[in-house]
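Below is one structure; the comments refer to it alone.
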Amino acid sequence: MSKPDTPVTKTQATNFIRDIIRADVEAGKLAAEAVVTRFPPEPNGYLHIGHAKSICVNFGLAQQFGGQCNLRFDDTNPSKEEQEYVDAIMDDVRWLGFTWAGEVRYASDYFDQFYAWAQHLIREGRAYVCDLSAEQASEYRGWATSPGKPSPYRERSAEENLDLLERMKHGEFDEGAKVLRAKIDMASPNMNLRDPILYRIRKQSHHHTGDTWCIYPSYDFAHGQEDAIEGVTHSICTLEFADHRPLYDWFLEQLPVPSRPRQYEFGRLNLDYTVTSKRKLKRLVDEGHVDGWDDPRMPTIHGMRRRGFTARAIRNFCDALPVAKSDGVVSVAQFESAVRDDLDRHAPRGMAVLNPLKVIVENFSEDRVESLSAARHPKEDMGERILPFTRELYIDTADFTEDTTLSRKKFKRLVLGDYVRLRGAYVIKANRVEHDVNGSPAVLYAELVENTVGEDPPEGIKPRGVIHWVSATEGRQATIRVYERLFITASPDKGEGDLLDHINPESKRIITNAWIEPALAEANPESSFQFEREGYFVADRFDHCAESPVFNMTIGLRDTFSEKPGGQ
Ligand code: ATP
Ligand code: MG
C-alpha cells in the first residue's frame with residue numbers, strides 16, 4: 001500500500017492496539033503482513049475529525065506491519081444512506097493520503113451471504129420470526145435491572161420460520177409487521193443479547209443494491225460477519241461497541257464463517273468547541289446554519305480541507321494522540337497548533353491587506369514600477385517572488401495612526417510624521433492625511449527614503465517597525481473569508497439548551513475589498529500561504545481564480561480566541 005508523502009509520526013504516541021498486534025505477531029499467531037484492518041464508515045454523512053483519527057489508526061497500523069487495510073461501507077440502512085456520502089468518503093480517505101487494499105467493499109455485497117446465514121441460524125434453532133410490534137418488543141425486552149420475557153413467537157418451528165423469512169424477503173408483509181430475531185437469552189444482563197433483531201422489513205431502494213431487497217440486516221448482525229468474510233484480523237472500533245462484542249462473538253461461533261476477527265475498542269476522539277456526530281452535523285447543514293458539509297467552519301474532512309487544514313497536519317495531530325481505552329476531550333487549540341506548525345513550515349509567504357488605506361508615495365513617479373523581490377519562505381528554500389513597488393500602495397488601516405503621542409514601544413507601526421519600513425521594500429515617512437466624511441483617514445501622503453531596500457536608513461532615521469503593503473496599481477483585489485470557531489462554548493452539544501444556542505454569530509466575515517500582491521492571484525486553488533502579520537490563508541478550492549481571487553482564512557498566527565470575550 002502507498003505511504004503518505006511524509007512519515008506520519010515523529011514520536012510515537014502510546015497505542016495499546018499496536019502493542020496487541022505486535023504481541024500477536026511475536027507470539028507467532030500471525031505473520032506481520034497478514035495483519036488486516038478496515039475502516040468501516042456508514043455512508044450516512046460526511047466524515048469528521050473523529051473519523052480521521054479512526055482512519056489514521058486503521059491505515060496506520062496496517063502500514064506499520066506491512067499488512068492491509070480495507071475500506072468498507074457499512075451500508076445496511078437504506079433510509080439514511082446516499083451515494084453522495086459514499087463518494088465523499090472515498091475522496092476523504094484518498095485526500096488524507098491513504099490507499100485501501102483492492103476494491104472498495106460494501107456490506108451490501110454480502111447480503112446474499114447474510115441471508116444464507118440467517119437461514120442457517122433458523123435451522124439450528126437459533127433464530128425466529130417475531131410478530132411483536134416495536135412497542136410490545138421493547139416491553140418484552142425488560143430493563144437493564146430486570147429480565148425480559150420470551151416473545152410468544154419464540155418457539156415457532158424452523159420450517160415456519162424459514163417460510164416466513166422467505167415471504168418477508170418477497171415483500172409479502174408490511175414494514176414493521178415482522179422481524180427476524182436471534183434466539184439467545186431474554187434474561188441476559190447484557191441487553192444486546194436479549195434476542196436482538198437480525199432483519200427488518202424496509203421497502204426502500206438502496207443506493208448500492210437498488211430494489212433487490214426489501215429486508216435489511218441489522219448493523220449488529222452484519223458487522224462481525226463482514227469482518228469475517230474479509231479476513232479482518234484486528235477489528236478496531238470505538239468504545240460504545242464494547243457491549244456488542246459478546247453478540248458479535250456469538251454470531252461468529254454459531255455461523256460457519258471463514259475467519260475469526262477479534263474486536264478491540266478504543267476511545268473516541270472528541271474536541272472541545274467542536275461537534276463530532278454526523279447526525280448533528282447533518283442538522284447544521286440541513287437547517288442552513290452553515291454553507292454545506294464542506295463549509296470551512298465544519299469539522300468535516302471536506303470542511304477542514306476547504307479551510308486549508310492540510311492532510312499532513314491532520315495526520316500529525318491524530319498520530320500524536322494516544323490510542324487508549326478511555327474517551328477523552330482534546331483541546332481544539334492543540335489541533336490548531338498542529339495546523340500552524342505544519343503551515344509555518346510549508347506555506348510560502350505573501351502580503352495581503354485586509355482593510356486597505358491608500359498611501360501615495362509622492363517622491364516616486366507615477367508611471368514607474370520597480371520590481372523588488374522577496375523570499376517565498378524565511379527558512380525553507382522556496383525561491384523568490386516579484387514584489388512590484390509603485391507610487392500608490394495600500395497598507396492596513398490598523399497600521400496607521402495620527403496619534404503622535406503613542407510611544408514607539410506601544411505602536412510599532414506608522415505614525416503621522418514618523419517612519420516605518422515596508423516589508424521587503426523602502427522605509428517611508430507619513431507626511432499628511434486626507435480624511436473622508438467621517439473623519440477617518442482616506443489617503444495618506446508619504447515619501448520614501450532613498451536606498452533603503454535591504455539597507456539601513458541614514459543616521460537619525462529610525463523606523464518604528466515593519467508593516468506589510470500591496471501595490472495599489474499592480475496588486476489585485478480579492479475576496480477573503482475570515483472564519484472563527486463555529487461554537488462559542490467548549491461543549492456545545494453536552495451542556496444546557498440546544499446546540500444552536502451555542503453557535504457563534506460572528507463565525508464568518510467576508511471581506512470583498514482586500515488587496516493581495518499579484519503573485520498570490522496566480523496561486524492554484526488549495527494552495528496555502530502565510531499572509532504576513534495576518535495568518536494562514538488558502539486559495540479556495542472551488543471559487544478562486546486569477547481573475548477573481550478568493551482566499552479562506554485557515555487560522556491566525558497565534559491563538560487569539562482565548563483572548564476574546566466568550567473565549568476561555
Ligand atoms: P457518528 O457518531 O459521527 O455518526 P459513527 O461512529 O456512527 O460516527 P461510522 O460511520 O459508523 O460513524 O464510523 C466509522 C468508523 O469511525 C467507526 O469504526 C467508528 O468507531 C469510527 N469513529 C467514529 N467517530 C469517531 C471518533 N470521534 N473518534 C474515533 N473514531 C471514530
Ligand atoms: Mg455508526
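Note that ligands are numbered from 1 as they come in the structure, with each ligand's atoms numbered from 1 the same way.
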Problem set entry | Any N/O pair Asn44/ligand 1 closer than 3.5 Å |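 In fact, backbone or side chain, Asn44 has no N or O that close.
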Regarding [X] and [Y], do their side chains bring together a donor and an acceptor under 3.5 Å, going by distance alone?
X	Y	value
Asn504	Glu484	no
Arg126	His120	no
Asp243	Asn192	no
Glu84	Tyr46	yes
Asn70	Gln68	yes

For this session: Give the atoms of ligand 1, by number and element, whose distance to some non-hydrogen atom of Thr238 is under 4.0 Å.
Result: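 Counting atoms of ligand 1 from 1, those under 4.0 Å from Thr238 are 19 (C), 20 (O), 29 (C), 30 (N), 31 (C).
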Problem set entry | Atoms in ligand 1 flagged as close to Phe39, the criterion being non-hydrogen separation under 4.0 Å |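 Answer, ordered by atom number: 14 (C), 15 (C), 16 (O).
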Exercise. Looking only at heavy atoms of Arg279, does any of them come nearer than 4.0 Å to an atom of ligand 1?
Worked result: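 Flag not set, Arg279 not near ligand 1.
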For this session: Give a yes/no on ligand 1: does Phe241 have at least one heavy atom closer than 4.0 angstrom to it?
Result: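 It does not; every heavy atom stays at 4.0 Å or beyond.
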With respect to [atom], which of [options] exhibits the smallest heavy-atom separation?
atom	options	result
atom 6 (O) of ligand 1	Arg38, Lys282, Glu42, Arg268	Arg268
atom 26 (C) of ligand 1	Cys237, Gly267, Gly50, Gly45	Gly50
atom 16 (O) of ligand 1	His48, Lys53, His51	His51

Exercise. Is the distance between the ring centroids of Phe309 and Phe335 under 6.0 Å?
Worked result: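 Centroid distance Phe309-Phe335: below 6.0 Å, so yes.
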